[in-house]
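The structure appears below as structure tokens.
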Amino acid sequence: MKIKKHKLESKLLPQSLLNIPDPPKQVYVKGDLSHVMDHKPLLAVVGSRKVSTYGREVTQKLVKGVVNKGVGIVSGLALGVDGVAHTSALEAGGYTIAVMPCGLDKVYPQSHFQLASKITSSGGALVSEYDDGTPPLRQNFIARNRLVAGLADAILVTEAAAKSGTMHTAAFALDQGKTVLAVPGNITSDLSQGTNNLIKSGAIPVTCAEDILLAMGIDHKLTQQEIFGDNPDESIILKLISEGVRDIHELQKQSKLEASKFNQSLGMLEISGKIKSQGGGQWTLG
């Protein structure tokens with residue numbers, strides 16, 4: 001997939017990047033930013049690289065919960081929470097953007113090469129302000145975080161130590177006037193000190209996806225009216241998709257419908273605009 005270079009004044013870049021302090025001089029994009037240009041709500045999800053079982057579970061649950069309501073996910077493709085956030089968004093059939101601390105000709109970390117490929121092949125995008133060949137220098141990670149915050153409407157910290165790069169992202173979000181949300185954690189865990197401190201400083205505490213949607217001004221009941229189809233077979237499929245089942249084979253398996261009835265119902269739901277294909281046998285609500 002071709003890497004495209006855009007000057008900051010380009011009409012193909014989101015206005016939000018123009019309004020941040022110290023905006024980038026140029027932005028490189030690999031993939032699709034049209035969802036951002038269409039004002040799709042975006043949530044930045046960041047946190048510890050050394051994610052705990054708790055941090056992994058809450059990140060997965062919250063990301064899938066908001067993605068199912070039409071929210072896109074922005075993160076930094078790093079190990080830990082970032083990778084979990086991107087993966088969870090893809091598993092839920094959602095849209096996700098990864099902001100890189102290096103040129104887009106390489107993927108950092110290399111262990112996330114397949115994840116980066118899935119992001120672009122699923123309609124998402126990789127973004128960087130750095131020329132091809134630029135290595136992931138230490139200072140680039142902090143600079144990258146201002147773009148993560150800049151692209152998003154709000155930022156969610158699911159798990160973080162008191163002193164970490166995640167705190168830089170939260171600080172950038174506050175400077176940009178963005179809403180900061182944090183998941184409370186065990187007071188004896190070092191990996192929860194950062195989020196607990198954010199809450200004490202005024203961040204919105206989050207214990208469920210509805211907390212995030214409310215903070216972002218999104219009606220969490222918005223898609224409930226779409227759960228019902230024109231017949232029981234269509235309703236079964238719609239309910240499964242709304243619950244996060246997106247793969248066509250898994251949908252047919254869990255629906256327990258005969259292949260002919262399943263395919264007919266799927267086709268009618270697509271024609272009526274109640275569902276849409278994401279490619280690769282993945283479906284989402286329309």
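Only this structure's heavy atoms are used, side chains among them; waters, hydrogens and symmetry mates stay out. We count residues from 1, following the sequence as given.
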Closest contact, heavy atoms only, [X] versus [Y]:
X	Y	result
Ser192	Gly185	OG-CA, 3.3 Å
Val45	Ser75	O-OG, 2.6 Å
Ser255	Leu240	N-CD1, 3.7 Å
Ile20	Pro24	CD1-CD, 4.2 Å
Gly94	Val67	CA-CG1, 3.5 Å
Leu115	Thr87	CD1-OG1, 3.7 Å

So which of Val63, Ile97, Ile119 actually passes side chain to side chain contact (heavy atoms under 4.5 Å, CB included) with His86? Ile119
Between atom [atom1] of [X] and atom [atom2] of [Y], what is the distance when rounded to the nearest 0.5 Å?
X	Y	atom1	atom2	result
Leu33	Lys40	CG	NZ	13.0 Å
Leu137	Cys102	CG	SG	9.5 Å
Leu104	Ile3	CG	CD1	5.0 Å
Lys118	Thr96	NZ	OG1	13.0 Å
Arg56	Ser48	CZ	OG	10.5 Å
Leu17	Gln15	CG	CD	9.5 Å

Please tell me whether [X] and [Y] are part of a single hydrophobic cluster in this structure, the criterion being side-chain heavy atoms less than 4.5 Å apart.
X	Y	result
Leu191	Leu156	no
Met100	Val27	no
Leu126	Phe113	yes
Trp283	Ile237	yes
Leu42	Val84	no

Do Leu62 and Val183 have side chains that get closer than 4.5 Å, going by heavy atoms? yes
Within the 4.5 Å heavy-atom criterion, are Val71 and Tyr95 side-chain neighbours or not? no
State whether the side chain of [X] and the backbone N or O of [Y] hold a donor-acceptor pair below 3.5 Å, judged by distance alone.
X	Y	result
Thr195	Pro184	no
Asp211	Val206	no
Arg49	Ala78	no
Thr120	Ser117	yes
Ser201	Asn197	yes
His112	Leu77	yes
Ser16	Gly150	yes
Asp82	Val46	no
Thr134	Tyr130	no

Which residue pairs pass the side chain to side chain donor-acceptor pair (under 3.5 Å) test with at least one member in residues 152-170, sequence neighbours excluded? Ser52-Glu159, Thr59-Thr158, Asn145-Thr169
Step-by-step side-chain contact (heavy atoms from CB on, under 4.5 Å) determination, Leu43 to Ile155: CA-CA 6 Å; Leu43 174 71; Ile155 177 172; 5.8 Å; no
Apply the test side-chain hydrogen bond (donor to acceptor under 3.5 Å, both in side chains) to residues Gln193 and Asn196: give CA-CA distance (whole Å), side-chain angles for both, the deciding distance (0.1 Å), then the verdict. CA-CA 5 Å; Gln193 288 184 9; Asn196 290 340; over 6 Å; no
Above 12 or not: heavy atoms from other molecules or residues under 6.0 Å from NZ of Lys50? no
Should the pair Glu91-Lys64 be classified as a salt bridge under the 4.0 Å nitrogen-to-oxygen rule? yes
Could you note down all residue pairs passing salt bridge (charged side-chain N to carboxylate O under 4.0 Å, His left out) where residues 14-35 supplies at least one of them, sequence neighbours left out? Asp22-Arg146
Do the side-chain N and O atoms of Asp247 and Gln282 include a donor-acceptor pair separated by under 3.5 angstrom? yes
Could you tell me whether Phe141 and Tyr108 have their ring centroids closer than 6.0 angstrom? yes
Output, in order, the C-alpha distance, side-chain angles, deciding distance and verdict of side-chain contact (heavy atoms from CB on, under 4.5 Å) for Ile73 and Val66. CA-CA 9 Å; Ile73 302 298; Val66 299; 4.0 Å; yes
Criterion side-chain contact (heavy atoms from CB on, under 4.5 Å) on Thr179 and Met216, from CA distance to verdict: CA-CA 8 Å; Thr179 299; Met216 295 180 70; over 6 Å; no
Kindly indicate, with the supporting measurements, whether the criterion side-chain contact (heavy atoms from CB on, under 4.5 Å) is fulfilled by Ile275 and Ile241. CA-CA 9 Å; Ile275 64 172; Ile241 293 176; 3.7 Å; yes
Got a list of side-chain donor-acceptor pairs under 3.5 Å for residues 256-263, not counting sequence neighbours?
unit_1	atom_1	unit_2	atom_2	d
Asn263	ND2	Ala259	O	3.1

